[in-house]
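Within every chain, numbering begins at 1; the chains are lettered A, B, ... in the order of the sequence lines, protein sequences first and strands thereafter. Every heavy atom of this structure was used, including side-chain atoms; hydrogens, water molecules and symmetry mates were not.
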Number of protein chains: 2
Amino acid sequence: MSDASEQPERISEAEQAVMEALWQRSPLTAQEVCEQVCGPRGWSLNTVKTLLSRLVTKQAVATEPDGKRFLYSPKIARAQYVGTESRRLVDRLFGGRAAPLFAHLAQAEALTPDDIAEIEALLKELKS
Amino acid sequence: MSDASEQPERISEAEQAVMEALWQRSPLTAQEVCEQVCGPRGWSLNTVKTLLSRLVTKQAVATEPDGKRFLYSPKIARAQYVGTESRRLVDRLFGGRAAPLFAHLAQAEALTPDDIAEIEALLKELKS
DNA sequence: CTCCATCGTTTACATGTGTAATCGACTACG
DNA sequence: CGTAGTCGATTACACATGTAAACGATGGAG
C-alpha cells in the first residue's frame, strides 16, 4: 500500500503566499500566481516557480499539464492548513488549551468590539 | 544613541524550550537549564549552551556572572513572546482578525466545554 | 604546582528557507 | 530553418535552525 503515514510537510511562510493565490482561484499557471504575489512580495517569476516546485514536492499542490505549461492547484485545503498551524501555536504557547489564547488576545486588546460581538454570536451557536 | 528601533529577533522553537525553562525559574545556569530540557528533548548540554548563546545574541536572555559560570535570565517576558507569536499567526492566517481564529477553533472542535465556559467568563469581564 | 573537570566560545555541518540565475527543451515568429 | 522567448528543472547561495564536537581558559583536587 502507498505509505499512508506520511505526515504533511510544513509549508513555509513564503510558500503560504503562493498557496493563498491558489486557494483564491485555481488552477493557475506560474505566471498567474506571479501576477497575484510577485508585486506585493517583490518576487521574481523564478522565485514563484521555485516555491511551486517545492510545494509540489511537499505534496501540497498538484500539477496538471496544459500544453507546454502546467496548471497548479492546491492539494490541501486552506482549512486544513489553518487547522494545523493554529493547533501548533496553541500547543506551543498555551499547552494545547484554546482558552488561554483567547484570554491573551483579550488582554492584549487584540479583540475589537466587532470581534467580541462575533465571538459572542459564535458562542451562542455553539451552545444551541 | 543606542539603536532603539531594533525589532526583537525571532525566537525559534528550540530556543523557546530554553526560554520556557528560564520563564519558570531564573536565573539558572546552563547546567540547570539542561536538567529541565535535555531529558525531554534528548539534547546534550552543548546544545543548550549553543541555544543560550544565540538567545543572548538575540537579546532575549541576560547573563550575570557567578564565579566562573554564568547565570541566565530572560530579558523578555513570556507574555510579550506569546503576544508577538499570536499576532503573527492571526495576521498570517486570519487577516489580523481574532474572531475567525476563534471560529476556526470552534469548528475544529478544538474548544472543550471548559474552554467555552472560560471564554464566556472572559467575555463577561470584558463587557463589564 | 600540575592535571582534570567544567565554563563559555568557536567551529561544524546538515537541513530548511528566501531568493534567484542558469540550463535545456520547445515553440512560435520571421 | 534558425532564433528568441518561455517553460519547467537544476543549480546556487546566503542565512536560520537544530544539533553538537572541538577548543581554550580556569579553578579546584591532589
Side-chain angles (χ1 to χ4, degrees), chain A residues 6-22 26-73 81 84-85 88 92, chain B residues 6-22 26-73 81 84-85 88 92:
Chain A
E6 69 202 5
Q7 89 254 305
E9 293 221 44
R10 290 222 50 205
I11 291 173
S12 81
E13 198 169 325
E15 286 159 0
Q16 189 203 330
V18 168
M19 292 302 289
E20 296 289 353
L22 295 174
S26 75
L28 294 182
T29 67
Q31 273 293 346
E32 290 166 330
V33 172
C34 188
E35 278 154 27
Q36 304 284 312
V37 302
C38 283
R41 316 270 303 203
W43 284 346
S44 79
L45 174 59
N46 274 333
T47 298
V48 169
K49 287 179 182 175
T50 301
L51 293 173
L52 280 169
S53 307
R54 289 183 182 167
L55 285 167
V56 169
T57 302
K58 293 184 179 180
Q59 312 248 46
V61 316
T63 55
E64 159 195 9
D66 171 54
K68 78 177 264 188
R69 51 194 75 206
F70 278 162
L71 297 180
Y72 299 88
S73 337
Y81 174 70
T84 6
E85 291 302 308
R88 282 181 65 85
R92 250 166 46 96
Chain B
E6 68 201 5
Q7 89 254 304
E9 294 222 44
R10 290 217 53 201
I11 291 173
S12 79
E13 199 171 324
E15 285 159 1
Q16 189 203 330
V18 168
M19 292 301 289
E20 296 291 352
L22 294 174
S26 74
L28 293 183
T29 67
Q31 273 293 345
E32 290 165 331
V33 172
C34 187
E35 276 154 28
Q36 305 284 311
V37 302
C38 284
R41 316 268 306 201
W43 285 345
S44 80
L45 174 60
N46 274 332
T47 299
V48 169
K49 287 179 183 176
T50 301
L51 293 172
L52 279 169
S53 307
R54 289 183 182 166
L55 285 167
V56 169
T57 302
K58 293 185 181 180
Q59 312 247 47
V61 315
T63 55
E64 159 195 7
D66 171 55
K68 77 177 267 187
R69 59 211 32 235
F70 278 163
L71 296 181
Y72 300 89
S73 337
Y81 174 70
T84 5
E85 291 302 307
R88 284 181 65 85
R92 252 168 41 99

**Fill in**
From the candidates C:dT9, D:dG8, D:dG27, the one with an atom nearest any side-chain atom of B:Lys49 is C:dT9

**Asked** Does B:Val37 reach the side chain of B:Trp43, with side-chain heavy atoms less than 4.5 Å apart?
**Response** yes

**Request:** Report the distance from atom CZ of B:Phe70 to atom P of D:dA25, rounded to the nearest whole Å.
**Result:** 16 Å

**Request:** Measure from the side-chain heavy atoms of B:Ser53 and tell me the nearest of C:dC7, D:dG8, C:dT9.
**Result:** C:dT9

**Asked** Looking at A:Arg10 and A:Glu15, does any basic side-chain N land under 4.0 Å from a carboxylate oxygen?
**Response** no

**Asked** Can you tell me if B:Gln36 and B:Glu32 form a side-chain donor-acceptor pair at under 3.5 Å?
**Response** no

**Request:** Flag the pair B:Glu13 and A:Arg88 as a salt bridge only when some basic side-chain nitrogen lies within less than 4.0 angstrom of an acidic carboxylate oxygen.
**Result:** yes

**Request:** Just report the end-to-end axis angle for the helix from C:dC1-D:dG30 to C:dG30-D:dC1, five pairs per end, to 10 degrees.
**Result:** 30°

**Asked** Separation of A:Leu71 atom CG from D:dG8 atom C1', in whole Å?
**Response** 13 Å

**Message:** In whole Å, I'd like the distance from the CD atom of A:Gln16 to the C1' atom of C:dT17.
**Reply:** 14 Å

**Nearest-Å distance for atom pair NZ/P, residues B:Lys68 and D:dA25** = 13 Å

**Message:** With rounding to the nearest 0.5 angstrom, report the CG to CG distance, B:Leu22 to B:Leu52.
**Reply:** 6.5 Å

**Request:** Mark yes or no for whether B:Ser26, through its side chain, and B:Leu28, through its backbone, hold a donor-acceptor pair below 3.5 Å.
**Result:** no

**Message:** Could you tell me how far apart B:Arg69 (CZ) and C:dT9 (C1') are, to the nearest whole angstrom?
**Reply:** 17 Å

**Fill in**
Rounded to the nearest 0.5 angstrom, the CD1-CG distance for B:Ile11 and B:Leu51 is 11.5 Å

**Fill in**
When rounded to whole Å, the CG to P distance for the pair B:Leu52 and C:dT10 reads 15 Å

**Message:** One character per nucleotide, please: for nucleotides 15-20 of chain D, 5' to 3', B when the base has a protein heavy atom closer than 4.0 Å, S when only the sugar-phosphate does, - otherwise.
**Reply:** --SBBB

**Rounded distance [0.5 Å steps], OG1 in B:Thr29 versus CG in B:Leu71** = 7.0 Å

**Atom of A:Ala60, atom of A:Met19 and distance for their closest heavy-atom approach** = O-CE, 3.5 Å

**Rounded distance (Å) that lies between atom P of D:dG8 and atom CD of A:Glu64** = 13 Å

